[in-house]
Amino acid sequence: MSEATEMPREHELDTSWMDNMAEWGVSAKPGKRGLTLADIQVGSYGELPKVSDNMTGRPRGSTARPEAYRVGAYQVHTLSEIWLENAEYLYEEALQRQWSSATDIPWHTLKPLPDDVEEAECLLCTFFNEVEFVAGDVPARWIARTTPDYLEARNVLSAQVMDEARHMDVFRKRALANGGGLMRMSGATSGFVGSIDLARDFTEMSTRLHISGEGAVLTMFRMGELFGQNDAEKTMYRLCAQDEARHVAFGVMHLRCLSETAPERREEIECYLDEAEDQLMAGQQNPAGRQSESSEALAVLLGGGIEHYDEGHKKLLVIRRRQLKEYMKRVISAGFADRFENGRSPVPAQYAATA
Amino acid sequence: MVFPSEEWFQQVREVYNSDRDLHSGGGGACDTTAGFSVGENRYFIEFSGLDCAQVRQCSEEDLEVTDFVLEMPLETWQAMLEDVQKNGKASSNLTLNSIDLELEEGIAFSPVDDQYRQDLFYRYNQNFQDFFDASSRVETTFESQGN
Ligand SMILES: [Fe+2]
Ligand SMILES: [Fe+2]
């Protein structure tokens with residue numbers, strides 16, 4: 001059964017639907033990037049309600065239908081909860097910067113590697129394979145919980161889900177393409193990484209996922225150019241890092257927007273940051289953090305073999321230092337500098353200890 | 001063409017803009033401005049969509065409005081470009097990203113110390129790499145060679 005109005009098989013032509021138009025006479029003009037989401041934010045179609053009472057999935061700006069069902073009691077329905085200044089731009093950027101894990105990675109450059117190096121790479125690929133599932137699943141849940149009135153932010157998250165699917169598949173492809181295979185799962189998804197999915201609030205989730213989790217992963221992917229053993233691996237990590245930087249940008253811009261438009265929530269956000277710093281940044285579930293199977297694998301790759309483990313471990317400490325520094329600077333950029341000056345955050349001390 | 005010089009950057013820009021084959025996967029549209037600090041010289045570059053919209057010599061002050069600046073010793077610039085000349089593109093240890101990671105403080109910084117803007121170097125890394133890789137088609141000599 002459908003709520004859509006059904007027409008009798010034979011009926012008088014009734015064009016009263018023509019009267020139910022919303023704002024008419026709109027002529028959005030393409031800009032230099034084509035017709036983007038920003039270009040169609042015109043007139044009433046560009047008006048973002050501060051609080052959305054849309055429970056029917058009505059496209060923003062269209063005329064309401066009184067008999068429409070309530071298809072969603074959207075949990076995220078106030079603008080400050082999810083908004084960011086450049087949502088339209090990030091979405092278009094994601095569309096225009098897609099790449100193919102099948103054809104944009106020079107897979108032909110893979111060459112047989114010594115067993116210890118292949119095993120270390122495969123362990124890392126198994127770890128990333130697991131983590132990328134979480135990075136896709138979690139935003140996907142929040143898309144459905146967000147009012148369609150905030151379609152731009154939803155679309156950025158949809159694009160992220162596509163990116164994460166590609167990351168998941170590219171690490172899987174690498175593990176299965178060079179004589180190795182997947183290894184025992186790391187279990188990372190039952191710790192901090194898994195806890196991202198337990199967030200009850202969008203910003204709580206975004207702080208954990210975009211700022212702490214993906215910020216740390218971004219540094220590791222960039223390091224992939226150091227520990228990758230061939231052009232295929234280096235390209236794979238570099239292209240993943242670009243996507244990751246976009247996901248991190250969502251988190252930073254959202255947090256910045258929230259702290260400016262809903263200052264009453266700042267103390268709550270500080271608590272989310274406390275939690276994230278106690279866990280991920282402290283090293284749990286973070287291969288560049290405390291000692292774990294995946295951190296050993298990273299050190300083997302960075303050293304170029306198990307016999308150069310110590311050398312690799314030293315490079316790992318440099319990654320760790322970068323992670324901590326960039327994390328702090330992102331949180332500062334998002335408007336939360338105080339915590340690093342007033343002693344609230346443990347990260348400055350951790351950073352100093354890596355010197 | 002002598003590196004560093006405005007003419008050299010202009011020539012690379014022309015090559016980069018004229019052949020889409022030089023734009024690799026993941027190097028799609030982007031909008032950003034950046035600076036290059038090469039010895040005593042400063043250059044300003046702007047990417048707009050799929051093109052390098054402009055590149056020119058500039059002053060230290062001009063760099064302040066850029067999203068990020070890439071700064072490395074003259075020898076490192078030269079080593080990077082010689083490698084591009086030799087291999088047709090940067091080999092793995094001499095990509096911008098690798099050089100950034102090998103140096104303790106990195107090569108990219110935001111003039112206003114905003115990590116969000118510095119992150120654009122990571123977000124658009126492929127475009128910058130493709131740009132410098134395009135210099136493989138520009139015959140290059142270096143100031144230090146007395147040209
Ligand atoms: Fe990812
Ligand atoms: Fe991500």
Side-chain angles (χ1 to χ4, degrees), chain A residues 32-34 86 89-90 92-106 109 215 218-219 221-231 233-235 237-249 252-253 256 315 318-319 321-322 325-334, chain B residues 20-32 46-51 53 67-68 80 83 87-130 132-133:
Chain A
K32 56 180 180 174
R33 296 282 164 281
N86 58 347
Y89 184 83
L90 276 182
E92 300 289 351
E93 177 180 314
L95 293 194
Q96 298 192 14
R97 296 182 69 79
Q98 293 292 305
W99 50 277
S100 159
S101 60
T103 56
D104 287 324
I105 307 294
T109 63
L218 167 59
T219 317
F221 284 170
R222 292 186 58 227
M223 287 283 168
E225 280 204 55
L226 294 188
F227 64 73
Q229 309 290 314
N230 43 62
D231 263 4
E233 289 169 8
K234 287 169 194 284
T235 308
Y237 285 113
R238 179 162 71 236
L239 295 183
C240 284
Q242 291 198 130
D243 296 340
E244 231 43 80
R246 194 163 56 241
H247 308 161
V248 170
V252 172
M253 292 312 266
R256 193 188 282 184
K315 288 189 182 167
V318 178
I319 299 185
R321 198 170 158 72
R322 278 277 180 119
K325 183 177 171 189
E326 290 178 358
Y327 166 80
M328 285 191 285
K329 289 179 73 177
R330 283 187 195 110
V331 172
I332 292 168
S333 178
Chain B
R20 287 286 179 255
D21 286 348
L22 293 168
H23 300 219
S24 37
C30 75
D31 289 271
T32 187
E46 180 186 0
F47 283 90
S48 177
L50 292 169
D51 290 326
D67 287 322
F68 59 88
M80 178 181 95
D83 178 64
N87 301 307
K89 66 185 196 106
S91 54
S92 39
N93 301 333
L94 285 165
T95 59
L96 291 169
N97 187 39
S98 307
I99 297 169
D100 180 65
L101 295 166
E102 290 283 6
L103 299 174
E104 167 83 26
E105 288 303 316
I107 59 169
F109 68 91
S110 148
V112 291
D113 204 21
D114 180 351
Q115 186 66 36
Y116 175 81
R117 296 179 78 182
Q118 187 179 319
D119 280 350
L120 295 175
F121 171 56
Y122 315 148
R123 221 161 103 192
Y124 303 142
N125 190 274
Q126 192 63 52
N127 302 60
F128 283 80
Q129 192 58 55
D130 288 345
F132 282 106
D133 284 352

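Every chain is numbered from 1, with letters handed out A, B, ... down the list of sequences.
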Which one of B:Leu50, B:Asn93, B:Asp113 has the most heavy-atom pairs closer than 4.5 Å to chain A? B:Asp113

Please rank B:Asp119, B:Asp114, B:Asn97 by heavy-atom pairs under 4.5 Å with chain A and give me the top one. B:Asn97

Using non-hydrogen atoms only, which part of [X] is less than 4.5 Å away from chain B: side chain, backbone, both, or neither?
X        : result
A:Leu218 : side chain
A:Lys315 : neither
A:Arg238 : side chain
A:Arg330 : both
A:Val331 : neither

Sort out for me which of [options] touches chain B most, counting heavy-atom pairs under 4.5 Å.
options                               : result
A:Trp99, A:Phe221, A:Tyr89            : A:Tyr89
A:Lys329, A:Glu244, A:Met253, A:Arg97 : A:Arg97
A:Gln96, A:Glu92, A:Glu225            : A:Glu225
A:Thr219, A:Asp104, A:Asn230          : A:Asp104

Output yes when a side-chain donor or acceptor of B:Glu102 lies under 3.5 Å from a complementary backbone atom of B:Ser98, and no otherwise. no

B:Asn127 side-chain N/O to B:Gly28 backbone N/O, donor-acceptor pair under 3.5 Å: yes

Give the ring-plane orientation class for B:Phe121 versus B:Phe128, where under 30° counts as parallel, over 60° as perpendicular and anything between as tilted. perpendicular

May I ask you to decide if the ring planes of A:Phe227 and A:Tyr237 are parallel, tilted or perpendicular, using 30° and 60° as cut-offs? perpendicular

For the atom pair CG (B:Leu120) and CZ (B:Phe47), what is the distance rounded to the nearest 0.5 Å? 12.5 Å

Contact class of [X] relative to chain A, heavy atoms under 4.5 angstrom:
X        : answer
B:Asp100 : both
B:Ser24  : neither
B:Ser91  : neither

Minimum heavy-atom separation for B:Ala90 and B:Asp133, please, with both atom names. N-OD1, 2.9 Å

Within the 4.5 Å heavy-atom criterion, are [X] and [Y] side-chain neighbours or not?
X        : Y        : result
B:Thr95  : B:Asn125 : no
A:Asn86  : A:Glu93  : no
A:Arg222 : B:Leu101 : yes

